[in-house]
Amino acid sequence: MGQLMTATHNFGVAPIRAGTGVDTFKAALYLKTATVNAATTAYSASNEVSGTGYSAGGVGVTMGTVPTATNSSATAGVAFVTPSASITYTTVTLSTAFDAVLIYNSTQADKAVSVHTFGSQTITAGTFTLTMPANTTTTALIRLATT
């Protein structure tokens, strides 16, 4: 969360950090046996899935939705953002079980943004899609709340 508070990650079109543009985000898949969690600070190829059609580092994440913030009182509010498109891995064969995705900022030294887990999966010559939730205060993929 500290990186979000210091503007390490630029998710949208504005505001832009001095002299930089919007950052590039990627999504890497990890084996069921991997330890990726809230303590993960950066992308690592260790325990990342491998297979036909999957490239190390994962796929690009479309962050076309500008982060939104609400402030319903002087002390409470929610800041939130969701990728503007589903995260899709096409024509892949991943025969070893995986159950986590790391979204990371490849512009900022591969720093981790968030880790999301789901049920164990394998894929044979198919498409794996992570459908994004609605971009609202209660369902957005990334939410920060103050009370």
Side-chain angles (χ1 to χ4, degrees), residues 1-70 77-146:
M1 183 157 105
Q3 292 176 3
L4 295 175
M5 302 305 283
T6 60
T8 297
H9 306 293
N10 189 359
F11 293 104
V13 294
I16 304 290
R17 281 184 310 277
T20 66
V22 175
D23 291 341
T24 299
F25 296 89
K26 296 185 89 177
L29 295 172
Y30 284 86
L31 300 173
K32 185 174 171 70
T33 57
T35 303
V36 287
N37 53 37
T40 302
T41 60
Y43 162 78
S44 169
S46 178
N47 292 308
E48 183 178 8
V49 301
S50 63
T52 304
Y54 182 88
S55 298
V59 297
V61 175
T62 305
M63 296 299 283
T65 304
V66 176
T68 303
T70 66
V78 177
F80 58 95
V81 66
T82 296
S84 56
S86 294
I87 299 171
T88 304
Y89 305 82
T90 57
T91 318
V92 294
T93 297
L94 305 172
S95 56
T96 305
F98 62 95
D99 70 350
V101 63
L102 169 70
I103 296 176
Y104 67 96
N105 187 336
S106 62
T107 305
Q108 299 297 322
D110 294 340
K111 291 182 179 178
V113 173
S114 59
V115 174
H116 307 274
T117 57
F118 42 83
S120 181
Q121 305 285 319
T122 59
I123 298 176
T124 303
T127 298
F128 179 67
T129 301
L130 295 166
T131 303
M132 294 297 103
N135 192 41
T136 70
T137 58
T138 58
T139 60
L141 190 65
I142 300 170
R143 291 173 284 171
L144 298 173
T146 61

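These figures come from a predicted structure and were not determined experimentally.
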Q108 side chain vs S106 backbone, donor-acceptor pair below 3.5 Å: no
Side-chain polar contacts of residues 85-95 - donor-acceptor pairs under 3.5 angstrom, sequence neighbours left out - could you list them?
residue : atom : partner : partner atom : Å
Y89     : OH   : A27     : O            : 2.8
T93     : OG1  : A125    : N            : 2.8

Partner residues of A56 under the side-chain contact (heavy atoms from CB on, under 4.5 Å) criterion, sequence neighbours left out: Y43, E48
Report the C-alpha separation of V101 and L29 in whole Å, then their side-chain angles, then the decisive distance to 0.1 Å, and conclude whether the side-chain contact (heavy atoms from CB on, under 4.5 Å) test is met. CA-CA 5 Å; V101 63; L29 295 172; 4.0 Å; yes
Working note: D110 + N105, criterion side-chain contact (heavy atoms from CB on, under 4.5 Å); need CA distance, chi angles, decisive distance, verdict. CA-CA 5 Å; D110 294 340; N105 187 336; over 6 Å; no
Does some side-chain heavy atom of L141 sit less than 4.5 Å from a side-chain heavy atom of V81? no
Rounded distance [0.5 Å steps], NZ in K32 versus CG in N47: 13.5 Å
Are any non-hydrogen side-chain atoms of V49 and Y30 less than 4.5 angstrom apart? no
Supply the atom-to-atom distance K111 NZ to T40 OG1, rounded to the nearest 0.5 angstrom. 15.0 Å
Residues 131-138 side chain polar contacts: donor-acceptor under 3.5 Å, at least two apart:
residue : atom : partner : partner atom : Å
N135    : OD1  : T82     : N            : 3.0
N135    : OD1  : T82     : OG1          : 3.2
T136    : OG1  : T138    : N            : 3.4
T136    : OG1  : T139    : N            : 3.2
T136    : OG1  : T139    : OG1          : 2.6

Contacts of F128 that satisfy ring-ring contact (aromatic ring centres under 6.0 Å, His included) - sequence neighbours left out: F98, F118
Set of side-chain contact (heavy atoms from CB on, under 4.5 Å) partners for S114, sequence neighbours left out: I103, H116, I142
Residue pair T122 / T96, side-chain heavy-atom distance below 4.5 Å: no
